[in-house]
Amino acid sequence: MLQSMSVLLAAAKVSLIALPIIIVAVFVMFVVALQVHAKRVVRSGSAQRSETGGSAAKAERKYDSLWEIRFDTLYSYKGNAAHVVVPEGVEEVFVNAFAENQTLESIVLPQSLKEIHSMAFRECPNLREVVLPDHFDWDETSCYFTQCSNLSAVTYHGVRYTDFVVDNGVLLLCLVKDQNVQTPQGVYRIGGNAFVSTSNESYYEVRVSEGVTEIGEDAFSAVDIKRLILPSTLQTFAEGAITFCPDLEWVDLAGVAQFDDLLIFGDIVIAALGNKNSYTVPEGVKRIGNYAFGSPDELTSLTLPESLESIGNKAFAYCRYLTRLTVPQGVQDIGEAAFGDWCSDQVLKIPQHFESTAKGDDFWNEDCEAEIVYY
């Protein structure tokens, strides 16, 4: 018994001796853990400061005072140099950045460029040459070089073009200044705004070559053109392709059909031709295309057929001299602002089922002040 008690007392002494050691060891481990955590926090903070510093450097990148550039977007050029090189780092050229620049003759855009906004080079009358970056992708919906009437050379994807800019069978831009133009062979599509961008001249005749199957939206929009000859291979004629062309008097479809009144493709009225005062849309037509009657400046009389089923966006917008129009009962769909810019002295007679959709913005009666009579 005494021996057992001696053993227990000895063990207790050992425990009492070891306890401070254990406490010290735990404390040391706790301190080390705090130091490791602190180092991690410091490293994390440094990384965050580095990232923030990078953003700040990006935002505060210094450019010559001639450039207004913010967050990699070029908003304007304030210089008057004839030959301009846009600095690397610029990713976008904003709307009107070079608009109405009278001295600009050539420009080289940086490899960092990703987007050019529409109208970026609007009305640069002396601009003759543009060099685009190798990877840049053309946007057909944008008019980069509107009314740059002397533009005669564009380098795109590393190729310098002096007549037509063509990429993978798509005609992107016409640079030809002749009155009579024929599109090149090997093209299957006339892209959107292809003749719009540089046109400040008058074309007498544009002949679209055989092999072309598509004409894109706005391809000839607002272009001074008198005659348009289309190929037998044409399959798709986008609505709005030749809007606001008041001088366009005659369209020939492969010698099979000629139009001097209304250009009808399939059962769609694409455009009113000849800037006349009166038009009658024939029976069989099912749709009035987008902007179809945007060209006639003094349209006073228009008759629509009972076969009509739909009316496109802004189809009759700006027809301010049309005193009265009756929309047939068979029409089931009317696009946005179809009667936009109509005045209070005009009368629009329209089927009763459209009354519930007369909601203004983004609807068929947007910007329409005409007297509307439902029947």
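Remark: the backbone N or O of Q258 is not paired with any side-chain donor or acceptor of D252 at under 3.5 angstrom. Under the 3.5 Å distance criterion, the side-chain polar atoms of E336 are left unmatched by any main-chain donor or acceptor of G312. Using a distance-only test at 3.5 Å, with no hydrogens or angles considered, no donor-acceptor pair links the side chain of E123 to the main chain of N101. For the pair W342 (side chain) and F316 (backbone), a donor-acceptor distance under 3.5 Å is present. Remark: the backbone N or O of S209 is paired with a side-chain donor or acceptor of T183 at under 3.5 angstrom. Of the possible polar contacts, none joining the N365 side chain to the C368 backbone as a donor-acceptor pair under 3.5 Å is found. E68 contributes no side-chain N or O that, together with a main-chain N or O of L74, makes up a donor-acceptor pair within less than 3.5 Å. Under a 3.5 Å cut-off, the side chain of N277 and the backbone N or O of L299 do not form any donor-acceptor pair. For T236 (side chain) and E214 (main-chain N/O), no donor-acceptor pair under 3.5 Å exists by modelled atom type. Looking only at distances, a side-chain donor or acceptor of Q111 sits under 3.5 Å from a matching main-chain atom of D134.
Atom CG in L263 sits 7.0 Å away from atom CG in L230 (nearest 0.5 Å). Going from atom CG of N80 over to atom CG of L104 covers 10.5 Å, rounded to the nearest 0.5 Å. With rounding to the nearest 0.5 angstrom, the NZ atom of K78 is 8.0 Å from the OG atom of S65. Distance OH/Y374 to CZ/F354: 10.0 Å, rounded to 0.5 Å. Once rounded to the nearest 0.5 Å, the distance linking CD of E91 with CD1 of I69 reads 11.5 Å. In this structure, the separation between CG on D139 and NE2 on H117 is 10.0 Å, given to the nearest 0.5 Å.
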Using salt bridge (charged side-chain N to carboxylate O under 4.0 Å, His left out), reason through E140 and R189 one step at a time and then give a plain yes or no.
CA-CA 12 Å; E140 289 185 28; R189 172 180 168 82; 2.8 Å; yes
Evaluate the side chain to side chain contact (heavy atoms under 4.5 Å, CB included) criterion for residues L109 and V93: first the C-alpha distance (whole Å), next the side-chain angles of each, then the deciding distance (0.1 Å), finally the verdict.
CA-CA 9 Å; L109 295 160; V93 178; 4.2 Å; yes
Under the side chain to side chain donor-acceptor pair (under 3.5 Å) criterion, do R160 and T155 qualify, and how do the steps go?
CA-CA 4 Å; R160 186 173 184 268; T155 298; 4.9 Å; no
Side chain to side chain contact (heavy atoms under 4.5 Å, CB included), that's the test. Do F220 and V206 meet it? Break it down for me.
CA-CA 10 Å; F220 299 97; V206 174; 3.9 Å; yes
Check the pair V176 / F195 against side chain to side chain contact (heavy atoms under 4.5 Å, CB included), numbers first and verdict last.
CA-CA 9 Å; V176 178; F195 283 80; over 6 Å; no
Residue pair Q346, E369: steps toward the side chain to side chain contact (heavy atoms under 4.5 Å, CB included) verdict:
CA-CA 8 Å; Q346 295 176 276; E369 300 296 331; over 6 Å; no
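N150 and S152 are not linked by any side-chain donor-acceptor pair at a separation below 3.5 angstrom, with hydrogens and angles left out of the test. Donor-acceptor pairing under 3.5 Å is recorded for the side chains of E210 and S232. With 3.5 Å as the limit, one finds no donor-acceptor pair spanning the side chains of T213 and T233.
Remark: of the listed residues F121, Y75, W67, Y75 is the sole one forming a ring pair (Phe, Tyr, Trp, His ring centres under 6.0 Å) with F94.
Both V170 and L132 belong to a single network of hydrophobic side chains, linked directly or stepwise wherever heavy atoms of I, L, V, M, F, W or Y lie under 4.5 Å apart. A continuous path of hydrophobic side-chain contacts links I242 to Y279 [ILVMFWY only; heavy atoms under 4.5 Å]. Clustering ILVMFWY residues whenever any of their side-chain heavy atoms sit less than 4.5 angstrom apart, transitively, puts I268 in the very cluster that holds L248. The hydrophobic clustering, which links ILVMFWY residues whose side-chain heavy atoms are closer than 4.5 Å, places L304 and Y321 apart. A single hydrophobic cluster is seen to contain both L234 and I225, as judged by linkage of ILVMFWY side chains at heavy-atom distances under 4.5 Å, directly or through other members.
Aromatic ring centres of W250 and F259 lie farther apart than the 6.0 Å criterion allows.
When every heavy atom of I116 is checked against every heavy atom of Y144, the shortest pair comes out as O-CE2, 3.1 Å. Nearest heavy atoms, C245 versus V223: SG-O, 3.6 Å. Across L325 and F339, no two heavy atoms sit closer than the pair CD2-CE2, 3.9 Å. What you find for N290 and E239 is that their closest heavy atoms are N-OE1, 2.9 Å. Closest approach of V86 and I107 over heavy atoms only: CG2-CD1, 3.8 Å. Shown here for L113 and H135, the closest heavy-atom pair between the two residues is O-NE2, 2.8 Å.
Ion pairing of K276 with D261 is present here, as a side-chain N (NZ or NE/NH1/NH2) and a carboxylate O approach within less than 4.0 Å. Comment: R320 engages D341 in a salt bridge, judged by a side-chain N to carboxylate O separation of less than 4.0 angstrom. The pair K359-E366 does not meet the salt-bridge criterion, since no charged nitrogen lies less than 4.0 angstrom from a carboxylate oxygen.
Proximity of E105 to H83: side-chain heavy atoms (C-beta onward) are separated by under 4.5 Å at one or more points. Looking at V281 and L308, their side chains never come closer than 4.5 Å, going by heavy atoms from C-beta outward. Within the 4.5 Å cutoff, side-chain heavy atoms of E306 are placed close to those of E283. Residues I311 and W364 have side chains not in contact (no heavy-atom distance under 4.5 Å, counting atoms from C-beta outward). When side chains are defined from C-beta on, I334 counts as touching I350, because their heavy atoms get closer than 4.5 Å. Counting heavy atoms from C-beta on, the side chains of D167 and H157 come closer than 4.5 Å. Taking 4.5 Å as the limit, some side-chain heavy atom of I264 sits within range of a side-chain heavy atom of P282. Two residues are said to be in side-chain contact when any heavy atoms from C-beta on lie closer than 4.5 Å; T323 and V347 fail this criterion.
Both tests do not hold together for R122 against F98: distance to the six-membered ring centre under 6.0 Å, angle to the ring axis within 45°. For K349 and Y375, the positive end sits near the middle of the six-membered ring, less than 6.0 Å away and at most 45° from its axis.
Taking a 6.0 Å sphere around CG of N168, one finds it holds 12 or fewer heavy atoms contributed by other residues, nucleotides or ligands. At most 12 heavy atoms of other shown residues, nucleotides or ligands fall within 6.0 angstrom of atom OH in Y204.
Ring orientation note: the planes of F244 and Y318 are tilted relative to one another, at an angle of 30° to 60°.
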